[in-house]
Amino acid sequence: MEIKTFSDLIDWTRQLHGHLAKCLAHCASKNEEERARLLLDYLAEHEGKMEKMVSAFETQAESKVMKTYIYDYLSHQPIKSHRTCDAPYAELGFDDICQEVFDYHQQIIELYRDIEARADIPEAKALLGSLLAMEEHEAMRLSRQTGRMSGI
């Protein structure tokens, strides 16, 4: 997907979380390690919730900001999803799954930070700040929850 406007960016982020949710859920039943299956189920549910949170930004943000072009800000490399959904999460252990998902979130956070630093329009900066805060908060929450699960 080519990202031209803030609307495209938010839609793209929503799709990323949605795709990850489906992939994790698809792989959960195929993983042989019980802890990994529990983790994949939890992460799939969490990514599904994040997809809905990002979707809320699409409906709540100002129309003027959503139509603002951002391609001048996009010198950032595209997000690298290390895994396609051909069941590789089914073959990973607990720690490797965590590392992959945390890396995925960190790339989104870095992209938002990069665009926010370049944004000139106050409303766009505010929107990016809100998206960034949500992503950072959810990444922190994931880290805490998976840390608790690692002791299972």
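In this text the structure is predicted, and so the values were computed from the model without any measurement.
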Pairs touching residues 58-67 that satisfy salt bridge (charged side-chain N to carboxylate O under 4.0 Å, His left out), sequence neighbours left out: R14-E58

Is the shortest heavy-atom distance from the side chain of [X] to the side chain of [Y] under 4.5 Å?
X	Y	result
E47	H19	no
Y42	L24	no
L39	Y89	no
L43	L20	no
L38	F94	no
L9	L111	yes
V54	E135	yes

Distance from [X] atom [atom1] to [Y] atom [atom2], nearest 0.5 Å?
X	Y	atom1	atom2	result
Y112	E136	OH	CD	11.5 Å
K49	H17	NZ	NE2	14.5 Å
M140	R144	CE	CZ	6.0 Å

Quick one: closest heavy-atom pair of [X] and [Y], and the distance?
X	Y	result
N31	L92	ND2-O, 2.8 Å
A124	V65	CA-CG1, 3.9 Å
M66	A61	SD-CB, 3.5 Å
A36	G93	CB-C, 4.5 Å
C27	A90	CB-N, 3.6 Å
I70	T5	CD1-O, 3.7 Å

With side-chain contact (heavy atoms from CB on, under 4.5 Å) as the criterion, how do V101 and T146 come out once you've worked through the C-alpha distance, each side chain's angles and the decisive distance to 0.1 Å? CA-CA 11 Å; V101 172; T146 56; over 6 Å; no

Does the side chain of H105 pick up a donor-acceptor pair with the side chain of E138 at under 3.5 Å? no

Would you mind checking if E51 and K22 are paired as a salt bridge, meaning a charged N to carboxylate O distance below 4.0 Å? no

Are any of the side-chain nitrogens in R37 or D41 under 4.0 Å away from the carboxylate oxygens of its partner? no

A quick test of your reading: do over 12 heavy atoms of other residues, nucleotides or ligands sit less than 6.0 Å from CD of Q99? no

Short question: side chain of S143, backbone of A139 - any donor-acceptor pair under 3.5 Å? no

